[in-house]
Amino acid sequence: MRGILIAAGIYHILFAVVANCWPYSCFDLLHIARPNHVLLWQGIGIVIGILGAAFLFASRNPIKYWGIVLTGLIKFSLGIGFFVLEINHPDTSSMTLWLLALDNLIWWFPFLAILWASLRAHAGVPPTRDEPYSITEAAASYRLSDGQSLAEASQSRMLTLVFLRHFGCTFTRQILRGLEGIEKEAREHQAELVLVHMLQNGKETQYLGDRNGVTRIADPRCELYRAFGLGKGGFIELFGPQVWWRAALSIFKGCGVGHLAGDGLQMPGAFIFYQGKIIAAQPAHSSSDLPNLGQLFKELPKTTTPLSATP
């Protein structure tokens, strides 16, 4: 991993030197019309050079500086995406496009492998035992932020359990941004929203901000996740095309991406839990799946009636 980042850093810095010292050389070599705004081309070269310097810095500890690796992967993905969009455009040189594609493809797979290794290295605290807890055991062991056990709380009211990914995930940030609407929808169905997260109890408050009033459960070992059938995501579930597309939309909406705060491999999901039993389940099939409470409540047995409405 260090060798790949060093090679990528030198490659990008050399590009910056050529773009600024001999700005027309690449265009003349490829028999492409010289740019009208050479300063813009040189500015792009400077940005690429800064990215190269960042790669060299990250090579000191690729696992620790995974954010720089992710930035590079996004840059390479955008370059490949531009190639796909422009491949049939009549005014674009085919030579330029193919060089653009190859220039990004040679780094895309190695950087993806580094990021995958980083995620695995940052996986959460291991569980206390190999066999997952049963639903009954987990419900008796885990407590809500109000002090009641999950089993006790579910006797008097339906609980809508939303299992989150790590707090730095753009999809978790998207859920938190729309938390008021999710709470309202749960209340309309006489249920109480409960967030399940992977941090130590109390550590989640810095991410919730003014939404600290929501009921929650801390599960740093992901044992409650396992009891509800939520495991670790594979490569496609975490990095598939659908995930990239939805992540781009989420970031465009302003949700952003934060540092890894929890197990980066853990899959999310949503469940309705009542009287110690799961009565409706919505496990995520990819890391980008968001809870759809409307669909979840449609799956409720028609005979299900809460003993008391959530205040």
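Computed over heavy atoms, backbone and side chain alike; hydrogens, waters and symmetry mates excluded.
Counting only distance, with no hydrogens or angles, the side chain of Glu237 and the backbone of Gly234 share a donor-acceptor pair below 3.5 Å. No donor-acceptor pair under 3.5 Å is formed between the side chain of Glu185 and the backbone N or O of Ile182. At distances below 3.5 Å, not a single donor-acceptor pair connects side-chain atoms of Ser141 with backbone N or O atoms of Ala138. Looking at Thr71, its side chain does come within 3.5 Å of a backbone N or O of Gly67 through a donor-acceptor pair. Panel note: side chain Arg60, backbone Leu56; no donor-acceptor pair is recorded below 3.5 Å. The backbone N or O of Gly276 sits less than 3.5 Å from a side-chain atom of Ser154, completing a donor-acceptor pair. Arg165 contributes no side-chain N or O that, together with a main-chain N or O of Cys169, makes up a donor-acceptor pair within less than 3.5 Å. A distance-only check finds a donor-acceptor pair linking the side chain of Arg177 to the backbone of Gly254 [under 3.5 Å].
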Check the pair Val162, Val194 against side-chain contact (heavy atoms from CB on, under 4.5 Å), reporting the backbone distance first and the verdict last. CA-CA 6 Å; Val162 174; Val194 179; over 6 Å; no

Going through the checks in order, is the side-chain contact (heavy atoms from CB on, under 4.5 Å) test met by Val243 and Ile236? CA-CA 9 Å; Val243 176; Ile236 296 299; over 6 Å; no

Might you work through the side-chain contact (heavy atoms from CB on, under 4.5 Å) test for Lys232 and Gln266, ending with a clear yes or no? CA-CA 5 Å; Lys232 310 299 182 184; Gln266 181 61 54; 3.4 Å; yes

Walk me through it: do Leu293 and Ile272 pass the test side-chain contact (heavy atoms from CB on, under 4.5 Å)? CA-CA 9 Å; Leu293 297 195; Ile272 298 178; over 6 Å; no

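In this pair, Trp107 and Phe111 present their aromatic rings perpendicular. The plane angle is above 60°, beyond the 30 to 60° band. Taking the six-membered ring where tryptophan is involved, the planes of Phe167 and His197 are tilted, since the angle between them lies from 30° to 60°. The aromatic rings of Phe235 and Trp116 stand perpendicular to each other, their planes meeting at an angle above 60°, with 30° marking the opposite boundary.
Cluster annotation: Phe55 and Val18 are assigned to distinct hydrophobic clusters (Ile/Leu/Val/Met/Phe/Trp/Tyr, side-chain heavy-atom contacts under 4.5 Å, transitive). Under the 4.5 Å side-chain heavy-atom criterion for grouping Ile, Leu, Val, Met, Phe, Trp and Tyr, Ile63 is connected to Phe57 within one hydrophobic cluster. Criterion: ILVMFWY side-chain heavy atoms under 4.5 Å apart, direct or through other members. Under it, Leu115 and Ile106 are part of a common hydrophobic cluster. Grouping the Ile, Leu, Val, Met, Phe, Trp and Tyr side chains by contacts below 4.5 angstrom, directly or via other members, places Phe297 with Leu193. In terms of hydrophobic clustering, with Ile, Leu, Val, Met, Phe, Trp and Tyr side chains grouped at heavy-atom distances under 4.5 Å, Leu78 and Leu73 are assigned to a common cluster.
Contact check for His166 versus Thr172: no side-chain heavy atoms found under the 4.5 Å cut-off. Side-chain contact between Ser118 and Val69: absent, with no pair of heavy atoms (C-beta onward) separated by less than 4.5 Å. Put simply, the side chain of Pro132 does not reach to within 4.5 Å of the side chain of Glu223, judged on heavy atoms. Two residues are said to be in side-chain contact when any heavy atoms from C-beta on lie closer than 4.5 Å; Arg143 and Ile217 fail this criterion. Contact annotation: the side chain of Leu179 approaches that of Leu195 to within less than 4.5 Å [non-hydrogen atoms, C-beta and beyond]. In this structure, the side chains of Leu290 and Ile175 come closer than 4.5 Å at one or more pairs of heavy atoms. Using a 4.5 Å heavy-atom threshold, the side chains of Cys222 and Met198 count as touching. Using a 4.5 Å cut-off on side-chain heavy atoms (C-beta onward), Glu299 and Ile279 make no contact.
Other residues, nucleotides and ligands place more than 12 heavy atoms under 6.0 Å from the CD atom of Gln206. Atom NZ of Lys203 has 12 or fewer heavy atoms from other residues, nucleotides or ligands within 6.0 Å.
Taking CG of Asp219 as the start and CZ of Arg226 as the end, the distance is 10.5 Å to the nearest 0.5 Å. Here the straight-line distance linking atom OG1 of Thr160 with atom CZ of Arg187 works out to 11.0 Å at 0.5 Å rounding. Between the NZ atom of Lys184 and the NE2 atom of His189 there is a distance of 12.5 Å, given to the nearest 0.5 Å. The NZ atom of Lys75 lies 14.5 Å from the CH2 atom of Trp108; values are rounded to the nearest 0.5 Å. Taken from CE in Met1 to OG in Ser59, the straight-line distance is 11.5 Å, to the nearest 0.5 Å.
Checked against the 6.0 Å centroid criterion, the rings of Phe76 and Phe109 do not qualify as a close aromatic pair. Aromatic ring centres of Phe228 and Phe273 lie closer together than 6.0 Å.
Of all heavy-atom pairs between Gly45 and Asn20, the closest is C-ND2, 4.0 Å. Residue Lys253 comes nearest to Gln174 through the heavy atom pair NZ-NE2, 4.2 Å, listed as atom of the first residue, atom of the second, then distance. Nearest heavy atom pair, residue Leu159 against residue Ala153, reads CD1-CB, 3.9 Å. Residues Glu137 and Ser134 approach most closely at OE1-N, 3.0 Å, considering heavy atoms. Between Cys255 and Thr170, the shortest heavy-atom contact is CB-OG1, 3.7 Å. Counting all heavy atoms, side chain and backbone alike, Gly202 lies closest to Thr205 at O-OG1, 2.9 Å.
Using a 4.0 Å cut-off between charged nitrogen and carboxylate oxygen, Arg246 and Asp289 count as a salt-bridge pair. Between Asp146 and Arg157, at least one side-chain N (NZ, or NE/NH1/NH2) sits under 4.0 Å from a carboxylate O, which counts as a salt bridge.
Judged purely by distance below 3.5 Å, without hydrogens or angles, the side chains of Thr215 and Glu192 pair a donor atom with an acceptor atom. Using modelled atom types, one finds no donor on one side chain facing an acceptor on the other under 3.5 Å when comparing Ser77 with Trp244.
Partner of Tyr225 under the ring pair (Phe, Tyr, Trp, His ring centres under 6.0 Å) criterion, out of Tyr142, Tyr133, Phe271, Phe163: Phe163 alone.
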